[in-house]
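Heads up: the structure comes next, in structure tokens.
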Amino acid sequence: MKEQLHALFSQAIDSLKSNDVIPADHETALVFERTRQKEHGDLACNVAMTLAKPARKNPRELADLIVQALPSDPLINKVEIAGPGFINVFLNNEAHTSALASIFAQGDQFGLAEPNSKQKIMLEFVSANPTGPLHVGHGRGAAYGDALARVLAAAGNTVEREYYVNDAGRQMDILAVSVWVRYLQAIDINVTLPDNAYKGQYVVDMGQSLASLHGKRYEITRDEFEQARTGLDDEAALDATISLAKDKLGNDGFALFFDLALNSILDDIKQDLSEFGIDYDTWYSERSLFETGKIDRAIKKLKASGDVYEKGGAWWFRTTEYGDEKDRVVVRDNGQPTYFASDIAYHQDKLDRGFDLAINIWGSDHHGYIPRVKAAMQALGLEQDKLKVLLVQFAVLYRGGEKVGMSTRSGEFVTLRELRDDIGSDAARFFYAQRKSEQHMDFDLDLAKAQSNENPMYYVQYAHARICRLFEKANEQKINTSNLDQADFSQLSKSQEIDLLASLQRFPEVVERAAQQFEPHQITYYLKEVATAYHSYYNSNKVLDAEEPLRTAMLALSAATKQVIRNGLNIIGVGAPESM
RNA sequence: GCGCCCGUAGCUCAACUGGAUAGAGCAACGGCCUUCUAAGCCGUAGGUUACAGGUUCGAGUCCUGUCGGGCGCGCCA
């Protein structure tokens with residue numbers, strides 16, 4: 001619809017240009033907006049206001065000239081000039097009902113762009129350290145990321161989902177040691193779990209299962225354990241304990257604790273996300289970057305280009321050359337590469353895999369990390385624009401009016417699984433998807449549970465279920481519903497019908513815009529709007545009691561609404577139940 | 001101290017990248033079921049868009065400053 005108007009207005013502008021009303025070399029941007037109020041017609045164009053200055057005319061006068069130059073078109077009922085110089089376009093009925101034909105012709109594809117017709121995009125999201133189960137904070141990133149993936153795919157992009165598994169590094173070592181301590185406790189050695197180790201119950205469980213599997217094979221005396229820690233501050237003591245564990249258990253023994261922890265937690269995360277409706281194409285291991293030599297190669301490349309230099313026994317990346325606040329260490333003085341080094345190699349690898357765009361969804365606490373990754377990309381000669389980092393603000397949890405902590409190490413958190421068990425995966429997804437990512441979010445657990453029935457998702461699903469029921473009834477009454485695409489759409493002329501039609505027609509635009517702006521929440525608001533229009537229509541019209549041919553047309557409108565709701569819910573990753 | 005994000009109805013959030021009279025849900029109040037699902041509909045009330053300036057035909061949206069909140073500023077990840 002907007003394209004057709006665009007063509008008409010372009011003609012008008014061109015003719016004014018040839019008459020020297022508008023400077024011929026002026027680049028004119030034509031924007032059409034859906035109006036907020038009915039008195040303003042269906043679509044409004046502000047071009048007369050933006051052209052007023054270059055044309056040196058007052059906007060209303062210019063609008064008048066544009067309207068006069070506008071070719072007539074069967075879809076346009078009338079055109080009005082209003083306010084400071086808006087050109088308001090009123091469409092006629094055929095323009096409104098034209099959406100129905102597309103909906104019936106395209107079905108599940110309505111609103112979606114040609115699949116795989118645009119960019120090849122990789123979307124990396126969640127990527128939580130496998131040091132514990134996912135909590136509701138991760139849930140937000142998960143729901144947002146997957147909804148975004150679906151929106152981007154709906155807009156015609158090819159999307160791959162990836163989870164970057166941090167299966168190397170100190171946090172994992174701390175986890176392995178935490179399991180070891182719980183194991184020692186399980187075989188009655190009286191060591192205490194360090195304060196800054198992982199405290200969750202799941203660590204206790206893993207320790208106990210290792211105890212029953214291996215008995216006292218990995219034991220150590222309490223004195224030996226405590227001696228390694230004496231006189232050190234908390235974090236240093238933890239590092240000393242890690243060294244002790246590696247020393248006492250040997251490579252294989254330590255790997256036993258490490259791998260059990262990693263695998264069981266990662267399996268849990270995979271299952272959790274799968275139950276949440278998210279299926280990743282790739283689980284990318286950080287450790288594999290070491291094993292394949294990709295980290296060494298990246299560092300070598302940066303040393304060769306002079307971007308990495310030695311200072312104090314460590315290797316530093318000259319990120320300040322690329323706008324970062326300070327240089328960053330890539331290889332520690334003990335020879336161990338930092339997490340940053342992994343990430344440099346990881347991003348090199350991402351783009352080597354041929355994506356047009358790599359999107360990272362990070363928690364907002366990582367925002368300070370963006371400049372150095374961008375710096376690395378520049379130094380490696382990669383196109384910065386091919387990396388887009390989207391930040392998701394934390395969800396602040398409340399329970400009983402109190403803020404709930406969310407630290408994996410302390411074991412104090414509400415798991416995503418717990419939330420799903422309480423309100424269901426669909427309700428949780430919809431709830432998260434309503435918020436735009438950079439908005440701070442208050443998540444009241446009591447409210448989320450108590451009001452799960454008042455989650456707007458049910459409002460949308462209810463409209464769908466109602467329509468399904470309507471068709472069941474129609475079949476019971478032997479009403480023919482097989483040729484709805486042949487219905488006489490011109491029967492639909494009541495204002496509620498026009499409102500509903502206008503909403504349905506907008507769906508492709510909504511999908512396109514949501515994708516362009518990386519804002520899947522726009523889909524949820526759109527769906528609520530469609531549901532409102534339908535509920536209102538449903539309440540004041542008895543479809544099945546209507547006379548033919550109006551009844552068939554009303555059924556066609558209902559079927560089209562059902563189709564659009566289904567397609568929209570699918571983009572959020574939420575089901576469309578036939579009955580409720 | 002410096003940097004990033006945010007501040008909209010009592011609460012939770014929208015607002016078509018600068019458009020016309022700032023909208024929904026929840027909570028409050030008043031109506032609507034012998035007729036296709038009342039998880040619904042219709043109506044009332046609720047606002048100086050944190051505050052102060054600026055930019056222009058036009059600002060919740062852009063710029064500057066102030067106040068308030070979240071996060072970050074490791075040879076952690």
Side-chain angles (χ1 to χ4, degrees), chain A residues 31-37 39-40 44 46 49-50 52-53 58-60 82-86 88 128-129 131 166 168-172 174 235 286 311-316 325-326 328-334 336-340 342-343 363-371 391 393-394 396 431 434-444 447-448 451 453-463 465-474 476-477 506 509-510 513-514 516-517 521-522 524-526 528-529 531-532 534-545 558 579-580:
Chain A
V31 179
F32 294 93
E33 263 187 349
R34 297 280 173 179
T35 60
R36 226 184 287 230
Q37 282 150 300
E39 306 85 71
H40 298 147
N46 66 354
M49 272 126 60
T50 58
K53 213 166 236 179
N58 89 51
R60 287 194 66 114
F86 288 103
N88 292 333
N129 287 348
T131 52
N166 296 121
R170 182 167 178 264
Q171 292 302 327
M172 284 305 298
I174 295 172
E235 290 300 316
E286 179 185 2
K311 190 179 99 185
W315 289 89
W316 297 72
E325 314 174 312
K326 52 188 280 193
R328 311 288 175 174
V329 171
V330 284
V331 182
R332 286 183 271 256
D333 57 10
N334 65 9
Q336 286 295 308
T338 60
Y339 174 79
F340 181 39
S342 307
D343 239 8
S364 60
D365 56 335
H366 281 60
H367 66 78
Y369 196 73
I370 298 172
L391 297 176
Q393 293 292 332
F394 281 174
V396 183
F431 187 80
Q434 283 182 96
R435 268 69 175 181
K436 68 170 160 192
S437 62
E438 70 265 33
Q439 181 65 255
H440 294 274
M441 173 177 178
D442 286 346
F443 199 125
D444 187 325
L447 216 62
Q451 297 189 342
N453 264 11
E454 287 165 20
N455 186 319
M457 174 190 75
Y458 293 97
Y459 181 79
V460 175
Q461 290 184 328
Y462 186 51
R466 268 183 151 176
I467 298 171
C468 292
R469 179 64 184 147
L470 184 62
F471 278 89
E472 275 177 37
K473 284 271 178 188
E476 285 168 20
Q477 296 177 26
R506 267 182 56 219
E509 293 168 24
V510 171
R513 234 171 62 84
Q516 246 168 34
Q517 300 178 209
H521 78 274
Q522 292 186 17
T524 67
Y525 281 89
Y526 169 75
K528 284 190 258 186
E529 177 196 314
T532 298
Y534 191 79
H535 282 309
S536 174
Y537 180 52
Y538 180 94
N539 258 272
S540 48
N541 295 281
K542 290 277 175 256
V543 175
L544 297 181
D545 293 347
S558 299
S579 69
M580 290 173 67

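Naming: A, B, ... by sequence-line order, numbering from 1 per chain.
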Item to complete: Would you indicate, yes or no, if C42(B) has its OP1 or OP2 atom less than 4.0 angstrom from a side-chain nitrogen or oxygen of Tyr537(A)?
Response: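 Negative; the distance criterion is not met.
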
Worksheet item: Is a salt bridge present between Glu472(A) and Arg469(A), judged by a nitrogen-to-oxygen distance below 4.0 Å?
Response: yes

Worksheet, complete the sentence: Using Watson-Crick geometry (N1-N3 plus N6-O4 or O6-N4) or G-U wobble (N1-O2, O6-N3), each under 3.5 Å, G72(B) is paired with C2(B)

Practice prompt. Tell me the partner of G65(B), counting only Watson-Crick (N1-N3 plus N6-O4 or O6-N4) or G-U wobble (N1-O2 and O6-N3) with both under 3.5 Å; none if nothing fits.
Written response: C51(B)

Looking at every strand, decide which applies to [X] at a 4.0 Å heavy-atom threshold: base, sugar-phosphate, or nothing.
| X | value |
| --- | --- |
| Arg170(A) | sugar-phosphate |
| Met172(A) | nothing |
| Asp343(A) | nothing |
| Ala52(A) | nothing |

Atom pair distance, as rounded to whole Å: [atom1] in [X] and [atom2] in [N]:
| X | N | atom1 | atom2 | answer |
| --- | --- | --- | --- | --- |
| His440(A) | G68(B) | NE2 | C1' | 12 Å |
| Glu438(A) | C6(B) | CD | P | 5 Å |
| Gln516(A) | U17(B) | CD | P | 10 Å |

Discussion item. Counting only side-chain heavy atoms from C-beta out, which of G19(B), G72(B), C6(B) sits nearest to Glu33(A)?
Written reply: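 The nucleotide sitting nearest to the side chain is G19(B).
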
Worksheet item: To the side chain of Lys542(A), which of C36(B), G19(B), A14(B) is closest?
Response: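 Looking only at side-chain atoms, Lys542(A) lies closest to C36(B).
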
Practice prompt. Assign each of Phe471(A) and Leu391(A) to its nearest nucleotide of RNA chain B by heavy atoms, then name whichever residue's nucleotide is nearer the 5' end.
Written response: Leu391(A)

Worksheet entry | Closest-nucleotide 5' rank along RNA chain B - winner of Lys53(A) and Asp333(A) |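 Mapping each residue to its closest nucleotide by heavy atoms, the 5'-most match is Lys53(A).
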
In whole Å, measure the gap between the [atom1] atoms of [N] and [M] for me.
| N | M | atom1 | result |
| --- | --- | --- | --- |
| A52(B) | C16(B) | C1' | 30 Å |
| A22(B) | G47(B) | C1' | 9 Å |
| G60(B) | G19(B) | C1' | 13 Å |
| A15(B) | C33(B) | C1' | 35 Å |
| G68(B) | G30(B) | P | 42 Å |
| C63(B) | C6(B) | P | 11 Å |
| A24(B) | G65(B) | P | 36 Å |

Worksheet item: Is the aromatic ring of His40(A) within stacking range of A20(B), meaning centres under 5.5 angstrom and planes under 30 degrees?
Response: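 The base of A20(B) is stacked with His40(A) (centres under 5.5 Å, planes under 30°).
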
Discussion item. If stacking means aromatic ring centre less than 5.5 angstrom from the base's six-membered ring centre, planes under 30°, is Phe86(A) stacked on A20(B)?
Written reply: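 It does: the ring sits over the base of A20(B).
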
Worksheet item: Between Tyr534(A) and Tyr538(A), what is the ring plane arrangement, given parallel below 30°, perpendicular above 60°, and tilted in between?
Response: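 Judged by the thresholds at 30° and 60°, the geometry between Tyr534(A) and Tyr538(A) is tilted.
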
Worksheet item: Is the glycosidic torsion of C33(B) within 90° of 0, making it syn, or is it anti?
Response: syn

